[in-house]
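Order of appearance sets the numbers: ligands from 1, and atoms from 1 within every ligand. Throughout, residue positions are numbered sequentially from 1 according to the sequence presented.
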Amino acid sequence: MNAHTDLPPIPFIDLQAQRRRLGPALDAAVGRVLDHCQFILGPEVKAFEAELAAFGGAKHAVGCASGTDALVLGLRGFGIGPGDAVLCPSFTFCATAEVAVLVGATPIFVDVDAATFNLDAKGIAGGVETAKALGLTPKAVIPVDLFGLAADHAAIKAAADAHGLLILDDAAQGFGASINGRRTGTFGKATATSFFPAKPLGCYGDGGAVLTDDGDLADLMRSIRMHGQGSDRYDNVRIGIASRLDTIQAAVLSEKLKIFPDEIEARNVVASRYNQALADVVTVPTVPEGYVSVWAQYTIRLKAGAREGFAAALKAEGVPTAIYYPIPLHLQRAYKQYPVGKGGVAVAEKLAAEVISLPMHPYLDAATQDRVIAAVRRAVKG
Ligand SMILES: *Cc1c(COP(=O)(O)O)cnc(C)c1O
């Protein structure tokens, strides 16, 4: 052991720091639910849905059991099914493409932008062309706000409109991110998010929500999340699923949402320090002018082949890293049967070989950050 390695390992994400900050308010919120025992769609769910919609600037929010279900509700709400094609990036978490298959449609993989890691609007025309050549009807595109940075929604909307595609924004990692002051929540016809504990706005289990300005779509998604209910629970007008946001999770989320703006600021302080200290030795993340990221991940790029040694060197110093994502979806065993759009996905493949993420959360103090920075610099310089 040398001087750099005798410190305790740094956590990749520290949920306990936030738990300490929220303190008794959180216990009281959960306690209220335990007292009234309305565990499914209790009053806290309705209250949180209203707060969430307001935060995202949308008219409606529909809570559900996970971010994956939120995407399913969006696609089902759009009426997408067999014979339809759904365009999505190949460089993302699997759920983005999984949901297209779950509703019976075909995902078509489109490339991402090398600087932002997000869906490249220029690939949409090629994806549409491929869908049509296969006899599919291109119906929707799912841009992802990857690692906390909003996608280029203006360019994506222009391309989607030109091809008649509906937009379902996958903001599982990018809820709270903004472009020129406008937060994710209304960039698509619907916006899905996840409250998985490690996401920027996470709960204490699984949870998700869909936001939309369209009241009919919100009603339809509310019906689908409740077994396709009509005028009441025992009137079934369509095939649905069982996917609610637990009342306890809604109570937790209302407390967390109060401090979320402050946490976004804290994440940005961490990211700027990393940027300043690391830009001369690695490729640091790009945030375009006018964009504010919520930094679900702080992801750098290394020269191809350098990643394994880099991760091992950091680990030896107690600094954890993670690779999001080592294999682009079009090369995954479960997904390689699905088409890649015309134009290919070369950038997704390159990124999958080069990216690595460093510890990032709102409670990462300067001293801990300095340890990460020093370890990165030593690992890169060898
Ligand atoms: C986490 C995530 C999801 C799925 O959310 P779950 O709540 O885990 O189902 C979907 N898309 C992206 C991009 C994600 O990161």
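Between the choices Ala171, Ser194, Cys88, the shortest heavy-atom distance to atom 7 (O) of ligand 1 belongs to Ser194. Counting only non-hydrogen atoms, the option in Phe147, Phe196, Phe195 that gets closest to atom 8 (O) of ligand 1 is Phe196.
Of all the heavy atoms of Ser66, the ones lying under 4.0 Å from any atom of ligand 1 are found in both the backbone and the side chain. Contacts with ligand 1 closer than 4.0 Å are made by side-chain heavy atoms of Thr92 only, the backbone lying farther away. The backbone and the side chain of Thr68 each have at least one atom closer than 4.0 Å to an atom of ligand 1 (non-hydrogen atoms only).
An N or O contact shorter than 3.5 Å is missing between Val144 and ligand 1 by distance.
Each of Leu245 and Met226 belongs to its own hydrophobic cluster when Ile, Leu, Val, Met, Phe, Trp and Tyr are linked at side-chain heavy-atom distances under 4.5 angstrom. One hydrophobic cluster, built from ILVMFWY side chains closer than 4.5 Å, holds both Val287 and Val270.
Remark: Lys189 engages Asp214 in a salt bridge, criterion side-chain N to carboxylate O under 4.0 Å. Checked for salt-bridge contact, Arg19 and Asp27 meet the test: a charged N lies under 4.0 Å from a carboxylate O. A salt bridge is absent between Glu129 and Lys132; no separation between the charged side-chain nitrogens and carboxylate oxygens falls under 4.0 Å. For the pair Asp370 and Arg273, the salt-bridge criterion is met [side-chain N within less than 4.0 Å of a carboxylate O]. Under a 4.0 Å N-O distance rule, the pair Asp280/Arg377 qualifies as a salt bridge.
Distance from atom 14 (C) of ligand 1 to its nearest protein heavy atom, with residue and atom name: Lys199 NZ, 2.9 Å. Protein heavy atom nearest atom 11 (N) of ligand 1, with residue, atom name and distance: Asp170 OD2, 2.8 Å.
Listed by atom number, the atoms of ligand 1 under 4.0 Å from Gln173 heavy atoms are 13 (C), 14 (C), 15 (O).
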